K.L.:
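Could you have a look at this structure, given as structure tokens, before my questions?
Every number for a ligand or one of its atoms is a count from 1 in the order of the listing. Just so it is clear, the model here is predicted, and its values are computed rather than measured.
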Amino acid sequence: MSTTTLLDRTDPLYDRVKTLIPPIEWPVFADDIEAILQLKRERDAVILAHNYMTPEIFHCVADIVGDSLALAREAMKVDAKVIVLAGVHFMAETAKLMNPAKTVLIPDSRAGCSLAESIVPADVRLMREHHPGVPIVTYVNSSAAVKAESDICCTSGNALKIVESLGADTVIMLPDEYLAQNIAAQTRVKVLTWAGHCEVHERFTAAEVRALRTDYPGVTILAHPECPPEVVAEADFTGSTADMSAYVGRARPARVVLLTECSMSDNVSVNHPDISFVRPCNLCPHMKRITLPKIRRALETMQEEVVIDPTLTDRARRSVERMLEVR
Ligand code: SF4
């Protein structure tokens, strides 16, 4: 098979990412992409990819893309026998919880998350002991074991709705302190927090936002709610990655900054070539463990399979299902 033929065949895919990947780099990706597309057919597999995946994954091999909430929802509708989760470990666990009979693969099981690792099940039990009767809302960025100790899950996209759906005066929100504080600022419900942080979003500062406004007059600034409250206070809009993407499509700002992980701006910019994206991003080292060669290897070897302790599965799934039932 000549290289020219391979490049010809993958040309329509390159067209999607040509604003982000120089032509000289495409041959590095083309071989893995073609192999992955073939392996997906052979294995009856689909690839679910988070918004923070790099463009060659997000735009060229993924079947379903989105934020944590979309991936959790879509994972329930998948017909294929195999799910490859291009994202971090807690996302793969959630896909497995919603699809216990399917094989769920993660291309690198070391793809963790500073938030998920900030809390263990014993911490949740202790919080419950100290605050009897107070419902526990746990961000999906948590392990299945932590979800199993919780009453209901939330994402950054639905957290306010979930908190207010419980009809409680007080709730415990775990493990993201900033998300909890940002939600507390929008509700009369008292929110008790945990000191977990996203190592990507906690690095943005209010001074950085003010400097962006000085350097790029008229720029529209969107912040993820995992950012510290003082950053959110300086932003024009706050929302999940799905909300940010929708905002850009709706408001069509001439120039925009997305205060979130680096690949998000790349992926959104593909659909909006007329919008100027300023990119002071922070990179998530966990998300970046997922690469095309690792996705290819996962499908070739059917490794690494996500397995959840069966004693946790029903309780953890229930927490996710309760979240999905809130409309
Ligand atoms: S971006 Fe933050 S919350 Fe998302 S996986 Fe990375 S460390 Fe975790």
Side-chain angles (χ1 to χ4, degrees), residues 48-55 57-58 62 65-72 75 84-96 106-120 137-147 150 153-159 173-183 193-205 208 222-229 231-232 238-245 257-268 279-291 294-295 306 320 323:
L48 271 57
H50 188 264
N51 289 331
Y52 296 160
M53 289 295 103
T54 46
I57 296 174
F58 189 91
V65 295
D67 62 1
S68 303
L69 178 59
L71 296 185
V84 179
L85 200 299
V88 294
H89 195 262
F90 74 80
M91 295 174 179
E93 278 194 334
T94 307
K96 181 67 182 177
I106 182 161
D108 187 334
S109 62
R110 296 168 303 165
C113 168
S114 64
L115 272 173
E117 281 147 32
S118 72
I119 191 161
V120 296
V137 180
T138 294
Y139 195 24
V140 285
N141 298 30
S142 55
S143 66
V146 164
K147 289 183 176 79
S150 310
C153 286
C154 74
T155 69
S156 56
N158 65 15
M173 264 192 90
L174 307 172
D176 187 346
E177 184 175 31
Y178 296 148
L179 175 66
Q181 289 172 344
N182 288 325
I183 296 301
T193 64
W194 181 259
H197 299 137
C198 162
E199 68 187 81
V200 172
H201 293 96
E202 72 173 346
R203 297 208 303 270
F204 292 108
T205 65
E208 194 177 354
L222 316 188
H224 192 280
E226 289 168 15
C227 293
V231 171
V232 166
T238 303
S240 66
T241 53
D243 294 335
M244 285 186 188
S245 183
V257 178
L258 309 183
L259 297 178
T260 188
E261 210 273 340
C262 304
S263 291
M264 179 72 190
S265 292
D266 290 343
N267 290 330
V268 177
R279 304 178 195 216
C281 65
N282 292 331
L283 191 133
C284 175
H286 312 292
M287 290 280 183
K288 267 35 195 186
R289 283 189 183 277
I290 308 301
T291 60
K294 287 182 186 172
I295 293 173
V306 177
V320 179
M323 167 183 82

K.L.:
When you compare the side chains of Thr138 and Ser150, does any donor N or O come within less than 3.5 Å of an acceptor on the partner?
P.N.:
yes
K.L.:
Side chains of Thr54 and Lys288: any donor to acceptor distance under 3.5 Å?
P.N.:
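Checked: Lys288/Thr54 side chains show no N/O donor-acceptor pair below 3.5 Å.
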K.L.:
Evaluate Ser263 against Asp266 for side chain to side chain donor-acceptor pair (under 3.5 Å), listing each step before the verdict.
P.N.:
CA-CA 5 Å; Ser263 291; Asp266 290 343; 4.8 Å; no
K.L.:
Looking at Tyr52, which atoms of ligand 1 are within less than 4.0 Å of one of its heavy atoms?
P.N.:
1 (S)
K.L.:
I'd like to verify the contacts: list protein N, O or S atoms under a distance of 2.8 Å from atom 8 (Fe) of ligand 1.
P.N.:
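For atom 8 (Fe) of ligand 1, the protein N, O and S atoms that sit under 2.8 Å away are Cys113 SG.
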K.L.:
Mark yes or no for whether Ser114, through its side chain, and Glu199, through its backbone, hold a donor-acceptor pair below 3.5 Å.
P.N.:
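At least one qualifying donor-acceptor pair exists.
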K.L.:
Once you restrict to heavy atoms under 4.0 Å, what part of Glu226 touches ligand 1? Side chain, backbone, both or neither.
P.N.:
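Side chain only.
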K.L.:
For the residue pair Asp67 and Ser240, what are the closest heavy atoms and their distance?
P.N.:
OD2-OG, 3.5 Å
K.L.:
Identify, with sequence neighbours excluded, every residue that meets side chain to side chain contact (heavy atoms under 4.5 Å, CB included) alongside Ala49.
P.N.:
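If we apply the side chain to side chain contact (heavy atoms under 4.5 Å, CB included) test to Ala49, skipping adjacent residues, the hits are Met53, Ile57, Ala62, Val65, Ala86.
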K.L.:
If the plane angle is over 60° it's perpendicular, under 30° parallel, otherwise tilted; pick one for His201 and Tyr52.
P.N.:
tilted
